[in-house]
K.L.:
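Structure below; questions to follow.
Every chain is numbered from 1, with letters handed out A, B, ... down the list of sequences.
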Amino acid sequence: MQREDGRGATECRPTFLRKDVVSGGATGSAYGEFARTRVVVSVFGPRPKGKGDHQQQHGPGVDLHGMELDCQVHLPFEGRDAARSGKVGASTAREERERVLGRQLEQSILPSIQQDRLPKTCLEIQCTILESDGNDIGAAIVCASFALATSGIPLYDLVTSCTLACVGNQLVVDPTQAELDESEAEMSLAYMPSRGQVNFVHACGDWSEVSFKDHMDAGVNACKKAHALVKKSLVATVQTK
Amino acid sequence: MATTGEDVWVAGVRGNVRQDGRENSEYRRITIQNGTIEHAQGSALVQIGDTKVLAAASLEIGEPREGRPKSGVVRVTVDCTLCYPVDGTNWRSYDRYGKDLASQVEDLYNGPRGSSKGVLDEENDLCLAEGQSVWCFTIDCVVLSDDGSLLDCLSLACRSCLCDVGIPKFEVLETNEVGPSGPEITIEEDPNQYWQLQCARVPVYVSLGLVETLWVYDLCKNEENHCRSRLTFGVDASGAIKQVVSGASGTCVNYSRNVANIIEAACLAGRKLLSSIDSVDQGKDQHLFHIGK
């Protein structure tokens with residue numbers, strides 16, 4: 001079955017990454033474009049942790065001496081039409097989506113940072129999704145990881161992420177929004193190749209044990225390929241400077 | 001090098017013994033009581049060890065979600081302010097934690113965005129008038145105490161509630177005029193004519209803690225603090241995987257050839273757990289689960 005934009009089932013959309021796009025105060029920033037999904041990420045910090053700093057975690061187990069990561073995702077252009085036409089739930093749905101994306105972004109990025117080299121500090125990542133055409137979490141994760149790498153924060157590895165969807169009976173990698181709207185199952189995962197770790201996985205659909213394993217394998221392979229590409233972009237940006 | 005709590009726990013898991021004497025594959029005692037709240041259409045009090053959740057479900061007719069004109073809707077709210085010491089500064093983060101849990105449980109029952117089939121109703125039984133009226137469940141959960149496995153407990157409570165609600169039969173009146181809220185629907189009032197959702201299709205969360213190549217079921221709170229790697233699977237009684245969520249932030253899973261075993265373990269746990277729960281009579285409500293390796 002041919003996909004609308006002519007890609008193969010396991011082909012990702014072309015990636016464009018550029019660093020230092022935000023001026024004034026940010027330690028690092030990056031702009032990522034994955035066909036029509038466009039993301040800007042800026043990194044602030046590491047700042048010393050003050051007493052009044054907002055605590056993400058709750059209850060026991062809060063590490064007062066460790067590093068704290070605060071991820072915020074903004075979707076400025078989504079749902080505006082619905083809000084204007086007076087639908088009550090639209091803005092809360094957008095806020096909820098922003099919170100969910102922020103949580104997923106933090107979950108994916110935190111394991112890649114060398115936290116013991118940044119004790120008692122607070123790192124802030126602000127991500128703005130300018131346009132979303134499917135796989136917005138994947139784009140945010142890759143762009144955030146790229147921004148962190150270009151801003152000199154000590155990292156274990158780059159984190160890459162991809163989304164898979166089952167459209168009809170076929171598994172497609174990096175689906176567009178149109179493909180996601182018709183998919184029976186979708187899965188997003190973030191992977192760090194040097195440690196062989198899956199930092200984040202979120203899957204929703206209907207699988208048997210075997211098919212789930214196959215889909216995860218396909219996702220991890222796509223992440224590995226994406227990792228090679230992002231690494232090449234990173235090296236290219238350093239060389240041109 | 002000092003021995004940390006985590007080292008002690010990992011050593012225990014390697015030797016198949018945990019803090020409270022359980023084996024890796026043993027659940028704590030699970031107790032489910034239905035009908036605890038008299039005026040709710042469905043209610044359940046579920047306890048897994050010391051984790052207690054009270055859930056109440058109500059049913060009404062409402063509009064379907066966008067893009068899913070034939071599926072029923074499930075809305076979940078979770079209040080976890082009772083189980084944590086709220087000293088005036090942290091209530092916001094507990095509030096947020098409650099909302100996050102609620103959205104995860106909702107996702108389990110509402111299924112993927114693009115799917116045409118609902119998770120609860122594959123034949124669209126919950127649809128009254130396509131695109132206009134469907135049955136909407138609202139489940140309110142209160143966490144009375146949290147000793148780990150909170151997502152498991154919440155999903156079990158919601159499942160018990162959902163299966164307890166009696167759904168009335170309905171008739172769509174055939175008239176030429178269609179009102180603004182859709183065609184008129186009459187609801188059958190006879191309680192003997194109520195039907196219930198099929199338990200087997202309603203999924204439940206099973207959380208696994210991962211240590212090296214081993215996995216551990218049903219982590220208590222202390223263990224959750226030590227365990228770096230957690231995966232939560234949403235499985236139904238036939239072992240089909242509906243949802244997978246990775247654990248709290250900072251945890252990650254070593255992706256190795258072991259993953260197939262982990263997936264199999266989660267499905268096995270789901271199947272055994274749900275078949276034990278579903279096959280027990282209404283009177284008895286105490287179970288002790290031990291799931292084989």
K.L.:
Around atom CD of B:Glu63, are there more than 12 heavy atoms of other residues, nucleotides or ligands at under 6.0 Å?
P.N.:
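No - once you tally the heavy atoms of other residues, nucleotides and ligands closer than 6.0 Å, there are 12 at most.
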K.L.:
Considering only heavy atoms, which portion of A:Arg195 lies under 4.5 Å from any heavy atom of chain B: side chain, backbone, both, or neither?
P.N.:
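Backbone of A:Arg195 only, per the 4.5 Å heavy-atom cut-off to chain B.
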K.L.:
State, to 0.1 Å, how close B:Ile241 and A:Ser208 come at their nearest heavy-atom pair, and which atoms those are.
P.N.:
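For B:Ile241 and A:Ser208, the tightest heavy-atom pair comes out as CD1-O, 4.2 Å.
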K.L.:
Could you state the interatomic distance from CD (A:Gln107) to OG (B:Ser246), rounded to the nearest 0.5 Å?
P.N.:
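Spacing of CD (A:Gln107) from OG (B:Ser246) equals 4.0 Å.
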K.L.:
Report, one line per pair, each donor and acceptor closer than 3.5 Å where one atom sits in a side chain of residues 216-223 of chain A; sequence neighbours left out.
P.N.:
from, atom 1, to, atom 2, distance (Å)
A:Asp217, OD1, A:Lys213, NZ, 3.4
A:Asp217, OD1, B:Tyr255, OH, 2.5
A:Asp217, OD2, A:Lys213, NZ, 3.1
A:Asn221, ND2, A:Asp217, O, 3.4

K.L.:
With rounding to the nearest 0.5 Å, note down the distance linking CZ in A:Arg103 to CD in B:Gln104.
P.N.:
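Reported value, rounded in 0.5 Å steps: 5.0 Å.
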K.L.:
Considering all heavy atoms of both residues, which atom of A:Asp206 and which atom of B:Ala240 are nearest to each other, and what is their separation?
P.N.:
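Closest heavy-atom pair between A:Asp206 and B:Ala240: OD1-CB, 3.5 Å.
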K.L.:
For the backbone of B:Cys267 and the side chain of A:Glu209, can you confirm whether one donor and one acceptor N or O come within less than 3.5 Å of each other?
P.N.:
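Not a single qualifying donor-acceptor pair exists.
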K.L.:
By the salt bridge (Lys or Arg N to Asp or Glu O under 4.0 Å) test, which pairs, at least two apart or in different chains, include something from residues 137-147 of chain A?
P.N.:
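Non-adjacent pairs meeting salt bridge (Lys or Arg N to Asp or Glu O under 4.0 Å): zero.
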K.L.:
Under 4.5 Å from any heavy atom of chain A, what part of B:Leu231 do you find: side chain, backbone, both or neither?
P.N.:
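Contact with chain A is through the side chain of B:Leu231 alone.
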